[in-house]
Amino acid sequence: MLLCLVKRFQRLNNRHCVCTSKAVCVQKLHSECTDSNYEGLYPGHIPTTPIQKALLAVGSGVAALQNPYRHDMVAVLGETTGHLALINLRDRMRNDPEGYNILTERPRIRLSTLDLSKMASLPDGSFGREYLRFLEDNHVTPDTRADVKFVDNEELAYVMQRYREVHDLLHTLLGMPTNMLGEVAVKWFEAAQTGLPMCALGAVLGPLRLNSSRLQSLFTSLGPWAVQNGRRARCVLSIFYERRWEQSLEDLRQELNIEPPPVILSATNKTST
């Protein structure tokens, strides 16, 4: 099986690979190297050994470094390196009444679970209306978040899925667009808040793709603000956001102990104070 894994990962870097993406190669790798009759711990689960996880982490890490917008590779990296951090996040959710309800009810944030018409009718400044505005302005959708596959614990898999699906909500709470500077700032917040190695790696390597003016903005204002707020904020996975759409964004920030951003970023990378 290990030989099979090595050969498959060699093909990921081969220009003549017949797969259309590294994500498809990863999926084929596991579908061919595991028992086809295995039902999994949850729908879509792919069991892996520690060695397999290490190989997946290296391959997905290289791919994500080459293209940070490869969300499929970022997802694999997070799942194969985040076990201890996920345990900590799960325990924090269990010890929070609202977080415990989330772990019990297992809500999902998808287009099929969102009432977009109702959110559009909410007043400006409400959390639901500002989240919808974020989706529209940045041309993103919650349905782009991949399902978890490589976490070998059903409850921890949901914690990872919840983290993944609230990522855009964090953009809204933090007032950050999806351009590179906004993504790096959110990663600094997430690294301090969650302890996920994937977030720490993104926080370290993300700045390498910024120009000098944005680096200055990151290191002098956005970065320190993101880290400080990530450390002191309430666990962002313990909020039942689906029941908070009508709450004002300002009130929700105060409840979570998150300060407004020191710099306002637009989706076109321009900044203003």
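This chain uses plain numbering: 1 for the first residue, then up along the sequence.
Here the closest non-hydrogen pair linking Leu174 and Pro261 is O-CG, 3.4 Å. Shortest non-hydrogen contact noted between Ser221 and Val263 is OG-CG2, 3.6 Å. Of all heavy-atom pairs between Ile258 and Ala233, the closest is CG1-CB, 3.8 Å. When all heavy atoms of Ala191 and Ala203 are compared, the pair lying nearest together is CB-CB, 4.4 Å. Contact record, Ser126 with Trp245: CB-O, 3.7 Å, taken as the closest heavy-atom pair. Closest approach of Gly128 and Leu122 over heavy atoms only: CA-CD1, 4.0 Å.
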Should Met160 and Leu156 be marked as a side chain to side chain contact (heavy atoms under 4.5 Å, CB included) after you check the CA-CA gap, both sets of side-chain angles, and the distance that decides it?
CA-CA 6 Å; Met160 173 59 80; Leu156 296 183; over 6 Å; no
With side chain to side chain contact (heavy atoms under 4.5 Å, CB included) as the criterion, how do Lys53 and Asp152 come out once you've worked through the C-alpha distance, each side chain's angles and the decisive distance to 0.1 Å?
CA-CA 11 Å; Lys53 280 186 171 60; Asp152 296 328; 2.4 Å; yes
Pair Glu130-Arg253, salt bridge (charged side-chain N to carboxylate O under 4.0 Å, His left out): steps then yes or no
CA-CA 13 Å; Glu130 296 309 316; Arg253 282 174 173 168; over 6 Å; no
Carefully, step by step, assess Tyr158 and Ile102 under the rule side chain to side chain contact (heavy atoms under 4.5 Å, CB included).
CA-CA 10 Å; Tyr158 176 75; Ile102 293 171; 3.6 Å; yes
Evaluate side chain to side chain contact (heavy atoms under 4.5 Å, CB included) for Asn138 paired with Asn179, printing each intermediate quantity in order.
CA-CA 9 Å; Asn138 293 276; Asn179 57 45; over 6 Å; no
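Side-chain heavy atoms closer than 4.5 Å link hydrophobic residues (I, L, V, M, F, W, Y) into clusters, and following such links, possibly through other members, connects Leu116 to Leu169. In the hydrophobic clustering of this structure, Phe240 groups with Leu114; members are Ile, Leu, Val, Met, Phe, Trp, Tyr whose side-chain heavy atoms approach within less than 4.5 Å, directly or through other members. Both Val148 and Ile87 are members of a single hydrophobic cluster when ILVMFWY side chains are connected at heavy-atom separations under 4.5 Å. Hydrophobic cluster membership is shared by Phe219 and Met176, with clusters built from Ile, Leu, Val, Met, Phe, Trp and Tyr side chains linked at under 4.5 angstrom.
Within the 4.5 Å cutoff, the side chain of Val159 has no heavy atoms near those of the Tyr163 side chain. Side-chain contact between Val236 and Phe189 is present, with heavy atoms from C-beta onward closer than 4.5 Å. Counting only heavy atoms from C-beta outward, the side chains of Arg162 and Tyr241 approach each other to under 4.5 Å. Using a 4.5 Å heavy-atom threshold, the side chains of Ile109 and Arg145 count as separate. Between Gln254 and Asp251 there is a side-chain heavy-atom pair separated by less than 4.5 Å. By the 4.5 Å heavy-atom criterion applied to side chains, Leu237 and Arg92 are not counted as neighbours. Two residues are said to be in side-chain contact when any heavy atoms from C-beta on lie closer than 4.5 Å; Pro107 and Thr113 fail this criterion. Looking at heavy atoms from C-beta onward, Leu135 lies in side-chain contact with Pro142 at the 4.5 angstrom threshold.
Atom CG in Leu132 sits 9.5 Å away from atom CG in Asp137 (nearest 0.5 Å). Taken to the nearest 0.5 Å, the CG atom of Asp91 stands 11.0 Å off from the CG atom of Leu86. Here the OG1 atom belonging to Thr80 is positioned 8.0 Å from the CZ atom belonging to Phe150, to the nearest 0.5 angstrom. To the nearest 0.5 Å, atom CZ of residue Arg110 and atom OG1 of residue Thr144 are 8.0 Å apart. One finds the NE2 atom of His167 at 8.5 Å from the OG1 atom of Thr178 (value rounded to the nearest 0.5 Å). Taken from CD1 in Ile51 to CG in Leu56, the straight-line distance is 12.0 Å, to the nearest 0.5 Å.
In this structure a side-chain-to-backbone donor-acceptor pair under 3.5 Å is present from Ser60 to Ala57. For the pair Thr172 (side chain) and Asp168 (backbone), a donor-acceptor distance under 3.5 Å is present. Arg106 places a side-chain N or O within 3.5 Å of a backbone atom of Leu103 that can act as its donor or acceptor partner. Side-chain atoms of Trp225 come within 3.5 Å of backbone atoms of Pro260 as a donor-acceptor pair (strictly under, hydrogens ignored).
A salt bridge is defined here as a Lys NZ or Arg NE, NH1 or NH2 lying under 4.0 Å from an Asp or Glu carboxylate O, and Arg108 with Glu165 meets this definition. Between Arg90 and Glu154, none of the side-chain N atoms (NZ, or NE/NH1/NH2) sits under 4.0 Å from a carboxylate O, so this pair counts as no salt bridge. A salt bridge links Glu190 and Lys187; the closest N-O separation between the charged side-chain nitrogens and carboxylate oxygens is under 4.0 Å. Between Arg209 and Glu183 no salt bridge is recorded (no basic side-chain N to carboxylate O distance below 4.0 Å). Between Glu136 and Arg133 there is no salt bridge, since no side-chain N of the basic residue sits under 4.0 Å from a carboxylate O of the acidic one.
The side chain to side chain donor-acceptor pair (under 3.5 Å) test with Glu79 singles out one residue from Arg164, Lys149, Gln161, and that residue is Arg164.
In this structure, Glu246 places its CD atom where only 12 or fewer heavy-atom neighbours from other residues, nucleotides or ligands lie under 6.0 Å away.
Ring geometry for Phe134 against Tyr131 counts as parallel: the plane angle stays under 30°, on a 0 to 90° scale with 60° as the upper cut.
No side-chain N or O of Gln228 forms a donor-acceptor pair with one of Glu259 less than 3.5 Å apart.
Judged by a 6.0 Å distance limit and a 45° cone about the ring axis, Arg244 is not positioned over the six-membered ring of Phe127.
For Asp96, the side-chain contact (heavy atoms from CB on, under 4.5 Å) partners at least two apart in sequence or on another chain are Glu98, Arg234, Ser238.
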